[in-house]
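Shown next, in structure tokens, is the structure this report addresses.
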Amino acid sequence: MAPNIRSLYSEKVMEHFKNPRNVGEIENPDGTGHVGNPVCGDIMELYIRVNDGVITDAKFKTFGCGAAIATSSMVTEMVKGKTIEEALEISNHAVAEALDGLPPIKMHCSVLAEEALKSAIDDYLNNSQGMDLESE
Amino acid sequence: MAPNIRSLYSEKVMEHFKNPRNVGEIENPDGTGHVGNPVCGDIMELYIRVNDGVITDAKFKTFGCGAAIATSSMVTEMVKGKTIEEALEISNHAVAEALDGLPPIKMHCSVLAEEALKSAIDDYLNNSQGMDLESE
Amino acid sequence: MKRVYLDYAATTPTHPDVVTAMLPYLNDTFGNPSSIHSFGQEAKGAIEEARETIAALIGAKNDEIVFTSGGTEADNFAIKGVAYANEHRGNHIITNSIEHHAVIEPLKFLERRGFKVTYLPVDQYGMVDPQGVRKAVSEKTILISVMHANNEIGTIEPIAEIGRIAKEMGVYFHTDAAQTIGHIPIKVNELGVDLLAISAHKLYGPKGVGALYVRKGTKVAPFMHGGEQERRRRASTENVPGIVGFGKAMQIAQNEMGTEAERLTLLRGGLIEGLLERIDDIQLNGHPRKRLPNNVNVSVQFVEGESMLLNLDMEGIAASTGSACSSSSLEPSHVLLALGLPHEQAHGSLRFTLGRETTEEEIERVLEVLPPIVAKLRSMSPLLKSRV
Amino acid sequence: MKRVYLDYAATTPTHPDVVTAMLPYLNDTFGNPSSIHSFGQEAKGAIEEARETIAALIGAKNDEIVFTSGGTEADNFAIKGVAYANEHRGNHIITNSIEHHAVIEPLKFLERRGFKVTYLPVDQYGMVDPQGVRKAVSEKTILISVMHANNEIGTIEPIAEIGRIAKEMGVYFHTDAAQTIGHIPIKVNELGVDLLAISAHKLYGPKGVGALYVRKGTKVAPFMHGGEQERRRRASTENVPGIVGFGKAMQIAQNEMGTEAERLTLLRGGLIEGLLERIDDIQLNGHPRKRLPNNVNVSVQFVEGESMLLNLDMEGIAASTGSACSSSSLEPSHVLLALGLPHEQAHGSLRFTLGRETTEEEIERVLEVLPPIVAKLRSMSPLLKSRV
Ligand SMILES: Cc1ncc(COP(=O)(O)O)c(C=O)c1O
Ligand SMILES: Cc1ncc(COP(=O)(O)O)c(C=O)c1O
């Protein structure tokens, strides 16, 4: 008999959990986000590569539950090809929705994914402003 | 399937309940006991006939539960042929024992039976003393 | 001869389809619903389905249903739960004198711990007066508890009316619906209740499972403390087969309620009429019309209830009495006394409660068997001496 | 492929013979044990027989066994019951930091209502120090509560020793034996306990039924208030089939306990050894020797428990974790934290609990399947970056 865990997670969540997209690190990324802490049991690291204001690549490393891994995977998929402005508009609800929903007690994972993304973009903006200043 | 109520009452209790001995009244009895009250749901009346200090007949009327009826029946059986002194020694435990025991919550019925007997004997003693006084 | 069971208000046999529904959850799908693996999630799915069924049938939302171990726990949970969660607002609770012990005893417990309880009287039919409830409400009142229908005399209380008053006064309203669920229609919004206690074994479901409906927003402290089951409102590993059986029983009851109530009302009428006709000095207890379709309660003068029961039992007929002889108190039923019955009449009560398997033949048999039993017992009754 | 169930500490399948024993009490012998007619008395007989069986097996008297709806109710009953019945003597209770929530949460509830609770620490293996208990006793101490064996890490506590201290100090002693009953021998006099909570579904009995042993003379207030069932100590219509099933399960467990414990200890040893051999950075939690025969609990560094569980589940293996990801708190298991584990190790725990159907092949399968799962998850773990 096939395992049946749908009452916990949607098939989409399970699909991303089984085959997470964009696992890994980017060498010399343009932005890095690092959120979560061991107390809560979720730690996400998100790396982005930005070219001409467009996110061309995104990767993640995550220590966490099924939802943490699936939201990490999903958010990296969602940002690729988006401009920084578009990416900043990705909410935790959008991530959860793209996964066909999350159980209420797991919504904090989608929040973490949004925060990881914001944090990576912030890092990129800080870095690039720094560079702009330097080149001025 | 036969009814099985043995976990409530012994077979002996049920036997006396089904076929109570000595039901009824004695006309012009030598002693009458009347105990219990409607509040508790048990009322017993016990009648005795005494000849030469020996109880030659006993009858009862009872309003009450299975145990009340069975103990009434049993106590009337037990006193017949006994002297007043012997009858006064019949305890509620003896009545209960003669019935192969009563459930704890029904022991008060045996107490009532003992009291009914005592009360009938008291009544007889009062009556006979009275008569003695008159004839003096 | 087949025995005649006329004590359906005490408990019912589990419906064969309910048993069939439960079986897979004993041995195959046995997981703990709190486990995240497939064994657990399958079990979880099963109890959520039962919750949905039950919620829908009483017009509630899924998360307003909390499963319990029975009606008693649901009543304890409602009463102690509201008391503890609202004691900062007040310590007064209103109930009445004919509630089930599952309501009265938790209230007595709270009284010993500082709460005040008003026990409203009932009329000769066992009816609570809604205006009496209104008058009893004070600033400190946090809860009103009135049962939907009484388990002994079958009287159906004016719950919807009391519900309107409770709402108007801003007081939580609990009803013990153990005797009505699955027997007469229940919609929590029509009744206007915030809490409603039910028990599966009264409607052909299994023993040991019940539920409390808790209207969204109602402040209730948990009663069973421990794990996070039932959205943290009732700890303990869920009784999965029991809950599944409860859901199934509710479904069957809903389908058959209408026709069954009609059928039982007819049989009940026949039994009442027959008894009044064939036995002298007998009276019906409870309301003549506003009563459960399956309830007959009579007082037979000059004889005691248990001795009638035992005699009926020897003839293979199972009934019940409000006499106290089988309980550890010597007081007869508080319900019958509250109606104003004298003690000896309360001790002489008999309750017949009809159900799914009850037939006209069975009713006829009671009508044949009971009169000679009464005659026999009356012949030994000291209360009838003057008449002999 | 047949799924592999290794979560027997969460719940067990009901033994087929237990199901067979229960069935007649659902539909045929369905009476309410409080009824005095034959239907009722037959049911009464059945629960008294189960009571006798269970009492005999733990060396108790029949009337010292009170049936409940499970382990949680038994714990709530013991703790709140002793507290309310003895508050005139004192308001202090001693427990420890690794009790089940069914003990901790009732204590938290009592703390909010004025009681004082001492939570003793445990050592790195989860052991409570009996001398620590002795030192914590004050004049106001009315109860000591220490579980027989821990449900997560399997550590068996020195109950008999604590029992002697409790007796010496004149304080009631409760033990939660939900994880040991039917698995290791229990005699209440040898343990020296006044109260002992057990649950049927942990030993191949049905869910929704348990019991509390209450030593004669122990002052305990009822928890479930209502009717006069269980000698007025626990109201509510008895779960007759559940209780009968519990009795049967106890009987079977008693017969098979010795050989089964031996068999499981061997399998457990193989699983622990294999895991430590095949996976780096892994450690055993709980006591190496004084542990339940069926319990394996490990912390796998750098990975989180639920994600291991889900992967195992996809391979058809059911286990459990002390990670909090599936509960509504974000804190991992209080038990693992109490042992001194850092948070990330507590989040990375896995519990395998073995049982009646566990085979060597199943253990071998876990040992094949888990290492690549850990490797995969570690490859995505930010905690392991430095090592990649
Ligand atoms: C009106 C009423 N309330 C509560 C209960 C208690 O239900 P349970 O026996 O399931 O605890 C009953 C039946 O026993 C009842 O008739
Ligand atoms: C140690 C311990 N105590 C209490 C319980 C609660 O038992 P139940 O689920 O039967 O309420 C459990 C299991 O859940 C347990 O493992």
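Below, chains carry the letters A, B, ... as their sequence lines are ordered, and counting in each starts from 1. Computed from heavy atoms alone, side chains included, the values below leave out hydrogens, waters and symmetry copies.
Ranked by heavy-atom pairs under 4.5 Å with chain D, the first of C:Ala235, C:Gly70, C:Gly242 is C:Ala235. Ranked by heavy-atom pairs under 4.5 Å with chain D, the first of C:Thr68, C:Thr11, C:Asp75, C:Ile104 is C:Thr11. Per-residue counts of heavy-atom pairs under 4.5 Å with chain C were compared for D:Ala102, D:Gly245, D:Ser236; the largest is that of D:Ser236. Taking D:Asp28, D:Asn27, D:Val19 one by one and counting their heavy-atom pairs under 4.5 Å with chain C, the maximum is reached by D:Asn27. Interface remark: of the candidates D:Ala319, D:Gly40, D:Gly71, D:Pro241, D:Ala319 forms the most heavy-atom pairs closer than 4.5 Å to chain C. When D:Pro206, D:Ser320, D:Gly31 are compared by the number of non-hydrogen pairs under 4.5 Å with chain C, D:Gly31 comes out ahead.
Separating the CD1 atom in D:Ile317 from the CZ atom in C:Phe39 is a distance of 10.5 Å, to the nearest 0.5 Å. Here OH of D:Tyr84 is found 5.0 Å from CZ of C:Arg113. Values are rounded to the nearest 0.5 Å. One finds the CE atom of C:Met224 at 12.0 Å from the CZ atom of D:Phe77 (value rounded to the nearest 0.5 Å). To the nearest 0.5 Å, the span separating OH on C:Tyr8 from CG on D:Asn32 amounts to 14.0 Å. A distance of 9.0 Å separates OG1 in D:Thr14 from CZ in C:Phe30, rounded to the nearest 0.5 Å. The NE2 atom of D:His37 lies 11.5 Å from the OG1 atom of C:Thr321; values are rounded to the nearest 0.5 Å.
Residue C:His15 touches chain D through its backbone alone, counting heavy-atom pairs closer than 4.5 Å. Proximity to chain D involves both the backbone and the side chain of C:Pro16, based on heavy atoms less than 4.5 angstrom apart. Both the backbone and the side chain of D:Phe223 come within contact range of chain C, judged by heavy atoms closer than 4.5 Å. Heavy-atom distances place the side chain of C:Arg112, and not its backbone, under 4.5 Å from chain D. With a 4.5 angstrom heavy-atom cutoff, C:Gln229 does not touch chain D via any of its atoms. Contact of C:Lys108 with chain D is not made at all, since no heavy-atom distance falls under 4.5 Å. Using a 4.5 Å cut-off between heavy atoms, C:Thr12 touches chain D through its backbone atoms (N, CA, C, O) alone. In this structure, chain C has a heavy atom under 4.5 Å from the side chain of D:Leu23, while its backbone stays farther away.
Remark: D:Glu73 does not engage C:Arg234 in a salt bridge, criterion side-chain N to carboxylate O under 4.0 Å. The pair C:Arg232-D:Glu105 does not meet the salt-bridge criterion, since no charged nitrogen lies less than 4.0 angstrom from a carboxylate oxygen.
Between C:Met22 and D:Leu26, the closest heavy-atom pair is CE-CD2, 4.4 Å. The two atoms that bring C:Asn76 and D:His225 nearest to each other are ND2-O, 2.8 Å, heavy atoms only.
Residues satisfying the side chain to side chain donor-acceptor pair (under 3.5 Å) test with D:Arg365, not counting sequence neighbours, are none.
A donor-acceptor pair shorter than 3.5 Å can be found between the side chains of D:Ser38 and C:Asp313.
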